[in-house]
Amino acid sequence: MSVDDSHEHGQPAGGSNFLRNLIAEQIASGEHTGAVVTRFPPEPNGYLHIGHAASICLNFGLAEYFEGACRLRFDDTNPDAEDQEYIDSIQADIRWLGFEWDGEVRYTSQYFATLYDYALHLIAAGLAYVDELSPDEIREYRGTLTEPGKDSPYRDRDPAESKAMFEAMARGEYAEGTACLRARIDMAAGNINLRDPVIYRIRNKAHHQTGDTWCVYPSYDFAHGQSDAIEGVTHSICTLEFEDHRPLYNWLLEHLPVPAQPVQYEFARVNLNYTITSKRKLRRLVEEQIVDGWDDPRMPTISGIRRRGYTPASIRAFCDMVGVSRSGGTVDAAMLEHAIRDDLNKNAARAMCVMDPLKVVITNWPAGHVETLTARGHPDRDDMPERDLPLTREVYIEKADFREAANKKYKRLVLGKKVRLRNAYVIEAHDVVKNEAGEVVEVHCTYDPDTLGDNPADGVKPKGVIHWVSASHGKQALVRVYDRLFAVENPSREDDLLDGLNPFSLQIHPGCWIEPGLADVAAETRVQFERTGYFVADRYDHAAGAPVFNRVVALRDTWAKIEQRGA
RNA sequence: UGGGGCGUAGCCAAGCGGUAAGGCAACGGGUUUUGAUCCCGUCAUGCGCAGGUUCGAUCCCUGCCGCCCCAGCCA
């Protein structure tokens, strides 16, 4: 009944893409020799999301393909936003996706001393200076997109003086914002990143890794390329918005005594419709308790997707399907759903669950009689164990599977008509019991004892098959039916993010009936409730005897389409 | 009116001068004790637009148009 790990960690990740082709050419032409070394460089300031999965698959996939190495390096240059909680969750998510980084976990903060020396080197070469302009003044001096900036009055400060001041900054002798170190490049550059970028700033705050050792911290730009060089990263892959930083990345590498010359490459980040992948916005959903935490099953975080019931293999397959390119776009969420349906169709055991119960009494079945039927674990896999299905006089079926009258398109139970109980006998409805409100609360049927595995003697094969659970032998379960968190295609376009929320993103069904064998499965066991969808025993809330299932994704439902057209 | 990118079907994406892969979605049909799966079929005389080069252009050239990113002491 369980989906074991062999299904979750199977194929190597990564299909063909422009970067893989590029590296292959570099190797073929001799432009690149030695190992291909990549890195995944998250800042530990939030949880990883589906967009990060693409980067993880790319970086680890490339290393795997070229038999090189991919490291995990926390880009922890800003103690303000970072936290150990994120460091832990990021590592867990990467491992869950099925990847293992080369060697120990790295931290950019490990290189703070080296980076500090690099800064001194730049100062000595006259390529960096301590600026005492205020943050506001620096912004004014930077110019605009169309107007060049102007030089800071401190730009020509004597290197010896800059050195002394920078050292004083590091000793904590300056307040935050009163001084910073800037690279001396070109205040008139069209590329704003080259207008004397700030490369070191003062932060009087303890760092989660280095404690109180430092009062000055390198900027992303001053840390990233040098860290890549120190680690021997050969291909530093990032997203398109960093393309404008590449000239700066290269400038620093050229002017510093670094041990290697890594090269930066960019690819387009993946967007998914009906969702958001902005850490800031995701954090808002968590903080305002719109969702139940970073790992709420509706969140596009790796941990949320995991709790929703997606498999690592399905995420990797999705990333392969989407591909890697430089043209940004928005992928249809249907592709993600396809990836998990495809995996679970092959690997999830089948079972029956009645979510909206209607009692059926089989009037020609002896009271108290129990017949234990067997059913396949999977329609086309013999390696999955069969299951026992106790059939009794009273069973539950879905309310939606019965109508007093219906046209021929409706292939379920109708008064006076026959239908097959899945894995069991053909029954025929002959009477209903209604409550004061006129609602059907019970259907009385008879069963045909000659129809187990056979068609009725009259040769008329029932068109429909419905699922059921024994009223006396079934177990109760809580089932959460999840739908997309947002009802609008592009939630970021809303005036207020919350305006786009889907009010029906979670519907709780407390009174479901599941077949008895399902009550004691392990947490995170995935199963298909036949005719309904794929479900997972909740990672945290599920317990033996008190089952809780989350709907991963519904089965494709062509009947719903037909119904909609008819209606 | 600065700099950097990107435009191939509803969506993602191959293609690199020789006559438009593949996947998702959609739509037909077949099988089926899941209206699932599976199988078969349909879906760009067209590659943002306009010129040019060429025997031949999605691919090369020119000019337009559209969209995205950049003015944190964030990453």
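In what follows, chains are A, B, ... by sequence order, proteins preceding strands, each numbered from 1. When reading the values below, keep in mind they use all heavy atoms of this one structure, side chains included, and skip hydrogens, waters and symmetry mates.
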Checklist entry - What does Gly329(A) touch in the nucleic acid at a heavy-atom separation under 4.0 angstrom: a base, only the sugar-phosphate, or nothing? => result sugar-phosphate

Checklist entry - Nearest to the side chain of His338(A), which nucleotide is it out of A25(B), U33(B), G4(B)? => result A25(B)

Next on the checklist: Please pick, from G72(B), G5(B), G35(B), the nucleotide with the shortest atom-to-atom distance to any side-chain atom of Lys411(A).
Outcome noted: G35(B)

Next on the checklist: Using a 4.0 Å heavy-atom cut-off, does Lys461(A) contact any base of the nucleic acid, only the sugar-phosphate backbone, or nothing at all?
Outcome noted: sugar-phosphate

Next on the checklist: Categorize Ser327(A) for me: base, sugar-phosphate, or nothing, with a 4.0 angstrom heavy-atom threshold over every strand shown.
Outcome noted: sugar-phosphate

Next on the checklist: Which is it for G22(B), anti or syn, if anything within 90° of zero counts as syn?
Outcome noted: anti

Item to check | Sugar-phosphate, base or nothing in reach of His224(A), heavy atoms under 4.0 Å | outcome: nothing

Checklist entry - Using a cut-off of 4.0 Å on non-hydrogen atoms, how would the nucleic acid contact of Phe529(A) be classed: base, sugar-phosphate, or nothing? => result nothing

Checklist entry - Choosing from G23(B), G5(B), A36(B), which nucleotide comes nearest the side chain of Arg556(A)? => result A36(B)

Next on the checklist: Could you check, using the six-membered ring where one of them is a Trp, whether Phe486(A) and Tyr274(A) have ring centers closer than 6.0 angstrom?
Outcome noted: no

Checklist entry - Looking only at N and O atoms, is any donor in the side chain of Arg350(A) or the base of U34(B) less than 3.5 Å from an acceptor on the other one? => result yes

Checklist entry - A21(B) pairs with which nucleotide, Watson-Crick or G-U wobble, both distances below 3.5 Å? => result none

Item to check | Face-to-face stacking of Tyr220(A) with A75(B), centres under 5.5 angstrom, angle under 30° | outcome: no

Checklist entry - Touch check for Ala81(A), heavy atoms < 4.0 angstrom, all strands: base, sugar-phosphate only, or nothing? => result nothing

Checklist entry - Angle class for the His224(A)/Tyr249(A) ring planes (parallel below 30°, perpendicular above 60°, tilted otherwise)? => result tilted

Checklist entry - Relative to the ring of Trp214(A), is the ring of Tyr116(A) parallel (under 30°), tilted (30 to 60°) or perpendicular (over 60°)? => result tilted

Checklist entry - Counting only distance, no hydrogens or angles, is the base of G35(B) paired donor-acceptor with the side chain of Arg412(A) under 3.5 Å? => result yes

Checklist entry - Between C69(B), U33(B), C73(B), which one does the side chain of Arg142(A) approach most closely? => result C73(B)

Item to check | Distance-only donor-acceptor test, Arg420(A) side-chain atoms vs U33(B) base atoms, 3.5 Å | outcome: yes

Item to check | base_contact_polar (G3(B) base, Asp244(A) side chain, donor-acceptor, <3.5 Å) | outcome: yes

Checklist entry - Do the side-chain N or O atoms of Arg280(A) get closer than 4.0 angstrom to the phosphate oxygens (OP1, OP2) of A75(B)? => result no

Item to check | Residue Arg531(A), side-chain atoms from C-beta onward, closest of A71(B), G35(B), C24(B) | outcome: G35(B)

Item to check | Inter-nucleotide C1' distance (G17(B), U54(B)), Å rounded | outcome: 9 Å

Checklist outcome for this item: Closest to the side chain of Pro135(A), out of A71(B), A75(B), C73(B), is C73(B)

Item to check | Whole-angstrom distance between A20(B) and C59(B), as gauged at atom P | outcome: 14 Å

Checklist entry - Side chain of Met335(A): nearest nucleotide among C73(B), C12(B), A71(B)? => result C12(B)

